[in-house]
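Owing to the predicted nature of the structure, the values given are computational and were not obtained by experimental measurement. So you know, we letter chains A, B, ... as the sequences are listed, proteins then strands, and number each from 1.
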Amino acid sequence: MLDMQLVRNDLDTVAQRLATRGFMLDTQALAQLEAERKRLQTHTQQLQAQRNSSAKTIGAAKARGEDVAPLLAEVAELGSSLTAAESALATLQEKLQALLWQMPNLPHASVPVGASEEDNIEVSRVGTPRAMDFIVRDHVDVGQPLGLDFEAAAKLSGARFTVLRGQLARLHRALAQFMLDTHTLQHGYTELYVPYLVNDASLYGTGQLPKFEEDQFYVQRAGMERLCLIPTAEVPVTNLVRDEIVLREHLPLKFVAHTPCFRSEAGAYGRDVRGMIRQHQFDKVELVQMVEPQDSYDALEQLTGHAEAILQALELPYRKMALCTRDMGFSSAKTYDLEVWLPAQQAYREISSCSNFEAFQARRMQARFRNAQGKTELLHTLNGSGLAVGRTLVAVLENYQQADGSVTIPDVLRPYMTGLTQITTSN
RNA sequence: GGAGAGGUGGCAGAGUGGUUGAAUGUACCUGACUCGAAAUCAGGCGUAGGCGCAAGUCUAUCGAGGGUUCGAAUCCCUCCCUCUCCGCCA
């Protein structure tokens, strides 16, 4: 959520910056609503002040044992006009609030302005795709003989689910373990285990609501608040600081969590239908940081580097993209995507997204810290995938495939696989 | 599933219709005492918003929403959440 103060005072600049990401702010309508709000609020507060002072007068008179009838007559009219003013103000403020909830974050000055992913800028490219002197198969063809089973998953749940068997399931687990160990032991993150079902307030906090309700999976409970399957660990982890005032000496907070993620992928029909690139359920190791405002862009570089370290350790070729204004997520001020090389597609595909949200989420969550002056100030929040486990498995299958149909296990994963060096149909 | 208790300021904890934005304790800040610290004493200390150059002033806020009332933390209704005990269960 943007700072209403800023939106008010700098309406045209805000509108221009939002326009670069494709959000058209009706400044005239907003200015008009704002003016009306101001008028109504002043009016309402005057009436409230009047009510309060007469109530006190009446109370005092009663205490002295005087007749209060004439005083009561004086305020007879006040009630109804106050009720009317209050409800008019409430309606208007709801309208303004709804508008504010739906406005995306302002892009940082360093974000390239662009219309689509075509305008994303390649920041760096690491690793060289391996030369393969045989017909390169995609992860589906490589994986199916080794235990990747979409038919079984379809029977159980439908499209966009996966069953993994045997060493493939184990490799999947090894990947997650390796990522967690790296981030906790080498990058200083605290591991968390968190709920996979969260309430609406949490989804508002990180920005999934109110705009992206149709992307979520909801669980209804009779007589209880509905809960939502988390689309990413970002939601439960970031919301840990919701309504909290963090001590400055505890900053930065750095958390890592391995969770499944659930996405309905509404509107993605026909995209990546083959394989396990785009699933309703996938695992992800998520990095989250809460930092002081002046540190957040350094933190973004570091956090992105932590995700890159996994790709480097796995010796997977990738590139780092600075997303352009139009391609960034709703809540983000700046995002780097890490894209891994998929030889079958002869393309780099997203495997991690690292973002600085500045105070956008913190304002929604009222997540604050006490600054050096002892005043409460909004935190800056960041997160990034480190990495998407399912897609990492895809990348390993494709990049480590051999002519004979086996898959070599990357060196760093072997300790997690009791020394196994390759996956074949026979193991 | 059954029975009960409860949601008040950073924390603890009073308050059951009238100058209560809220006692008290604690934490924190400032000052006094001290060579310094501890202890003690005095003062300050929530959040959000409106108006104002400012000093200031006004409004809202005691889980959420609605109701009663001139006036609600306090009474009534609905909902949400937490805790305890019993049962069942991974």
Side-chain angles (χ1 to χ4, degrees), chain A residues 1-9 30-31 33-101 193 195-205 209-210 218-228 236 239-251 253 290 359 362-379:
Chain A
M1 188 160 64
L2 297 178
D3 182 1
M4 191 52 185
Q5 209 88 256
L6 177 75
V7 176
R8 263 207 290 275
N9 297 339
L30 188 65
L33 280 176
E34 227 342 81
E36 180 66 3
R37 191 220 92 238
K38 195 175 264 194
R39 193 188 68 73
L40 267 175
Q41 183 162 346
T42 309
H43 177 61
T44 305
Q45 293 188 346
Q46 272 169 4
L47 291 177
Q48 285 169 328
Q50 214 175 315
R51 177 204 58 197
N52 290 345
S53 73
S54 12
K56 272 181 190 170
T57 310
I58 291 168
K62 236 178 173 173
R64 288 193 302 270
E66 297 171 7
D67 177 21
V68 295
L71 288 170
L72 288 180
E74 265 177 52
V75 296
E77 291 304 303
L78 197 61
S80 59
S81 47
L82 181 57
T83 308
E86 278 176 341
S87 77
L89 179 62
T91 307
L92 194 66
Q93 285 195 314
E94 253 168 56
K95 238 187 241 177
L96 275 168
Q97 192 60 43
L99 203 64
L100 207 56
W101 278 115
Y193 172 79
Y196 302 156
L197 289 164
V198 295
N199 55 30
D200 275 9
S202 298
L203 293 161
Y204 270 95
L209 286 181
Y218 278 97
V219 177
Q220 301 292 340
R221 299 177 298 169
M224 278 191 280
E225 209 184 343
R226 70 172 181 180
L227 291 175
C228 180
N239 273 281
L240 284 174
V241 292
R242 172 153 53 85
D243 294 322
E244 297 289 334
I245 298 172
V246 181
L247 295 177
R248 198 163 68 101
E249 48 269 35
H250 291 165
L251 297 175
L253 297 174
M290 292 89 174
R363 189 170 292 107
R364 291 171 159 240
M365 295 189 297
Q366 281 303 298
R368 294 160 295 173
F369 71 102
R370 247 174 236 294
N371 66 20
Q373 288 74 45
K375 291 294 289 179
T376 58
E377 195 177 335
L378 293 169
L379 289 164

### Message
Without decimals, in angstroms, what is the distance between Gln93(A) CD and A48(B) P?
### Response
16 Å
## Note on the structure
Protein heavy-atom contacts under 4.0 Å, written 5' to 3' over nucleotides 72-80 of chain B as B (base), S (sugar-phosphate only) or - (none), form the string --------S
## Note on the structure
note: Glu377(A), atom CD; U47(B), atom C1'; distance rounded to Å ~ 16 Å
## Note on the structure
Each nucleotide of nucleotides 61-67 of chain B classed B (base within 4.0 Å of a protein heavy atom), S (only sugar-phosphate) or -, in 5' to 3' order, makes -------
### Query
Quick one: salt bridge (charged side-chain N to carboxylate O under 4.0 Å, His left out) pairs with a partner in residues 38-63 of chain A, sequence neighbours left out?
Glu36(A)-Arg39(A)
### Task
Measure from CZ on Arg364(A) to C1' on A48(B) and round the result to the nearest Å.
18 Å
### Summary
If one requires at least 3 consecutive Watson-Crick or G-U pairs with distances under 3.5 Å, the stems of RNA chain B turn out to be B:1-7 with B:80-86, B:10-12 with B:24-26, B:28-32 with B:40-44, B:46-51 with B:56-61, B:63-67 with B:75-79
### Task
Figure out the CG/P separation between Leu71(A) and C70(B), and round it to whole Å.
13 Å
### Task
Kindly state each residue pair satisfying ring-ring contact (aromatic ring centres under 6.0 Å, His included) with at least one member in residues 70-101 of chain A, sequence neighbours excluded.
Trp101(A)-Tyr204(A)
### Query
So which nucleotide from G18(B), G49(B), U19(B) ends up closest to the side chain of Arg8(A)?
G49(B)
### Message
Between U84(B) and G13(B), how far apart are the two P atoms, rounded to whole Å?
### Response
15 Å
Side-chain donor-acceptor distances from residues 91-99 of chain A under 3.5 Å, at least two apart:
unit_1: Thr91(A); atom_1: OG1; unit_2: Ser87(A); atom_2: O; d: 2.8

### Query
Of all residues at least two apart in sequence or in a different chain, which pass the side chain to side chain donor-acceptor pair (under 3.5 Å) check with Arg242(A)?
Ser202(A), Asn239(A)
#### Entry: Gln41(A) side-chain proximity, nearest of C70(B), G49(B), A60(B)
G49(B)
### Query
Can you name the residues that form a side chain to side chain donor-acceptor pair (under 3.5 Å) with Asn52(A), not counting sequence neighbours?
none
## Note on the structure
In whole angstroms, the gap separating P of G50(B) from CG of Leu89(A) amounts to 12 Å
### U8(B) and C75(B), which share atom name P, separated by this distance in whole Å
16 Å
### Residues which pass side chain to side chain donor-acceptor pair (under 3.5 Å) with Tyr196(A), listed by chain and number, not counting sequence neighbours
none
### Query
Within less than 4.0 Å of OP1 or OP2 of U19(B), is there a side-chain N or O belonging to Asn52(A)?
no
### Message
Restricting to side chain to side chain donor-acceptor pair (under 3.5 Å), what partner residues turn up for Arg64(A), sequence neighbours left out?
### Response
Glu66(A)
### Message
With the threshold set at under 4.0 Å for non-hydrogen atoms, list the residues of residues 42-49 of chain A touching RNA chain B in residue-number order.
### Response
Thr42(A), Gln45(A), Gln48(A), Ala49(A)
### Summary
Residues at least two apart in sequence or cross-chain that pass side-chain contact (heavy atoms from CB on, under 4.5 Å) with Ala359(A), listed by chain then number, are Arg363(A), Leu378(A), His380(A)
